[in-house]
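The block underneath contains the structure these notes are about, expressed in structure tokens.
All residue numbers refer to positions in the sequence shown, counting from 1. Computed from heavy atoms alone, side chains included, the values below leave out hydrogens, waters and symmetry copies.
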Amino acid sequence: MALRRLLALVGAGLLLSSTACGGASEEGGGDDGSSSPGSTAPSPDTAARAAELLADMSLEEKVGQLFVATVSGTQAQDNADLIETYHPGGLIYFPENLSDPEQVATLSNGLQDLAADSGAGIPLFLGIDQEQGMVARLPFGARFPDAMAIGATRDPQAAATLAGTTAAELSALGINLDYAPVADVNVNAANPVIGVRSFGSDPELVATMVPAQAEAFEEAGVVPVVKHFPGHGDTDVDSHTGLPVVDKTREEWERVDLPPFRQAVEAGVDMIMTAHVVMPAIDGSGEPSTLSPEVIDGVLRGELGYDGVVTTDALNMEGVRQTHDDGEIAVRAVLAGADQLLMPPDLATAHAAVLAAVEEGRIDRERLDASVRRVLELKLERGLFDAAPADPDHARDTVGSAEHRQAAQEVADRSVTLLRNEGDVLPLAEGARVHVTGAGAQEISAALEELGRTVTGSAGEADVVVVGTQGARGDAEQQAMVESAGSSGTPVVVVAQGTPYDIVAIAEPDGYLATYSSVEVSRTAAARVLTGEVNPSGRLPVDIPGTDLGLGDGLTY
């Protein structure tokens, strides 16, 4: 579905049809300088333009294109020295850089102006982690629920709606790259870093959602980054703080973790991010995949045939800093096959190390040119060289618009999954008195009152107690809260706002809803389902170990 049609449906409140969004657009392609999202091969015109640009670049400018650094401050001039010295290929925003839509649009314009006036004048990838849900760096704008909630809708159009709406807001801000979607298959209930960021535990479901979301980003001119290859969904260590080992057979990896990435490659996605995980079945060296030629050049490029841009995950994460110094890490990532080096902890050290490795012949100049060429071709394909400046007034009117908020609410409504309803405690009767406590109590209470229910100050006054949880599986205090709520005999309904795995660790409630997200629209959606304003239609996108609940389960009224 073309993005203009998608956004028209968003505006009309008619999103979420059952039509799946395919991996390749029916539009685009040909010899007009553009290519379809279904292929990473550049058009002849793009390839020729990239070759001309590459021929005019100095060695230092080429090395610079490999790096993506963090933005400093809230004004473009705060980054002038960095851009002039290192000519980075991109910059990445964090909340401290972002105050309001007009400021961000102005900042983006200023950064691109500095890049245009520096060195070879190559425009910047201006990126952000805006997966939505728990990983959303913009402190404003429409907030969609996490990917697991999208998986619960079972509708690829929901993934496309999230991406198309997000891309419209990012584009208005001058942001042209998003480090999303997550292609990890979350089969480990104890995963501390992926969880609800994954579409689910079913490889086929995830493999359907990832290209749908990536295509919608691409159609809007925002580069999607599919992550984290070769898979971070079966880990119990957070690669921000340690180095996870994915100890499974090659056959099991191909069956569980590979399908979403294979589908992304076949769909010709713009960029793929590596994971800081060790996978002995592919590489027995003990090196994280980010530094592994066997993983990147061997499997991703050689076996899967991917020729798009490969970026590392952030190089300031401990998962990649266990065995080498920061300069050597940057060099080894390039030697492994990476084209972009994200967030080195010391840009000067990393840049100098890669430059020296090229000058000494450790990194072949043809190898360097191959990476720079991929980066330039992608910038050309996504229109960065011809992009108009962001309009601050348009950014103000677009970001967080009523249409975008409504789109997010409709997706959230579709995702809520009812897993327990003993004695038909739900939906709450007209005039029911409800006590709400725990995670999200304020937002859920406000939504219930708007829907005509009376919210009481204590459980003793209530007909039903609603307890919000978020990560109760590992939180004894939350488990005790649920148990205490039911001690008086009043029916208890749990609203789980993180992963649905909480159900294994709490006293059996009378009702149990999974929203897979703690954003406001998910809490409002929970209230709408509690009252019957919305009939629950979400279905479990994961198996829940220790229970008889599995993929596809879900009750309705």
Side-chain angles (χ1 to χ4, degrees), residues 66-70 90 92 94 127-129 131 134-135 137 147 179-198 225-248 253 256-258 260-261 271-300 309-347 349-350 353-354 474:
L66 305 184
F67 287 94
V68 177
T70 54
I92 182 171
F94 283 92
I128 193 168
D129 273 316
E131 296 172 15
M134 68 182 293
V135 179
R137 306 303 188 200
Y179 291 97
V182 171
D184 303 313
V185 182
N186 197 78
V187 293
N188 190 331
N191 196 317
V193 66
I194 302 299
V196 293
R197 298 168 62 195
S198 165
V225 181
V226 174
K227 59 189 186 184
H228 311 78
F229 187 82
H232 210 316
D234 194 9
T235 62
D236 57 9
V237 173
D238 184 347
S239 55
H240 292 85
T241 57
L243 179 56
V245 176
V246 182
D247 195 8
K248 59 175 57 174
W253 171 74
V256 176
D257 301 278
L258 178 58
F261 293 103
M271 192 177 296
I272 293 177
M273 176 185 284
T274 62
H276 303 327
V277 300
V278 172
M279 191 163 286
I282 299 176
D283 181 357
S285 70
E287 290 282 14
S289 296
T290 295
L291 308 182
S292 170
E294 287 80 3
V295 172
I296 302 177
D297 274 344
V299 176
L300 182 55
V309 175
V310 173
T311 178
T312 70
D313 203 344
L315 295 181
N316 62 359
M317 294 166 59
E318 288 305 310
V320 77
R321 303 179 74 198
Q322 301 291 307
T323 55
H324 309 289
D325 63 41
D326 291 330
E328 180 67 8
I329 287 167
V331 171
R332 286 182 177 244
V334 175
L335 290 171
D339 304 307
Q340 292 238 284
L341 310 177
L342 177 62
M343 295 171 58
D346 185 330
L347 178 59
T349 296
V354 173

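Applying side chain to side chain contact (heavy atoms under 4.5 Å, CB included) to P230 and the options V277, D257, V246 leaves one that passes, V277. L291 pairs in a side chain to side chain contact (heavy atoms under 4.5 Å, CB included) with only one of the listed residues (V331, I329, V334), which is I329.
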Between L300 and T274, does a side chain to side chain contact (heavy atoms under 4.5 Å, CB included) hold up when you go through it step by step?
CA-CA 10 Å; L300 182 55; T274 62; 5.6 Å; no
Decide yes or no on side chain to side chain contact (heavy atoms under 4.5 Å, CB included) for E287 and E294, but give the supporting numbers first.
CA-CA 10 Å; E287 290 282 14; E294 287 80 3; over 6 Å; no
Take L315 and M343 through the side chain to side chain contact (heavy atoms under 4.5 Å, CB included) test and state the conclusion after the steps.
CA-CA 6 Å; L315 295 181; M343 295 171 58; 5.8 Å; no
After noting the C-alpha distance and the side-chain angles of F261 and V299, does the key distance pass the side chain to side chain contact (heavy atoms under 4.5 Å, CB included) rule?
CA-CA 11 Å; F261 293 103; V299 176; over 6 Å; no
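The backbone N or O of A275 lies less than 3.5 Å from a partner atom in the side chain of T290, making a donor-acceptor pair. Side-chain atoms of D326 never come within 3.5 Å of backbone atoms of R321 as a donor-acceptor pair (strictly under, hydrogens ignored). Proximity of a side-chain donor or acceptor of D339 to a complementary backbone N or O of V310 within less than 3.5 Å is detected.
Donor-acceptor pairing under 3.5 Å is recorded for the side chains of S292 and D283.
Salt bridge D129/R197: absent, no basic N to carboxylate O contact under 4.0 Å.
Residue P192 comes nearest to V237 through the heavy atom pair CG-C, 3.7 Å, listed as atom of the first residue, atom of the second, then distance. The two residues G286 and V278 make their nearest non-hydrogen contact at O-CG2, 3.4 Å.
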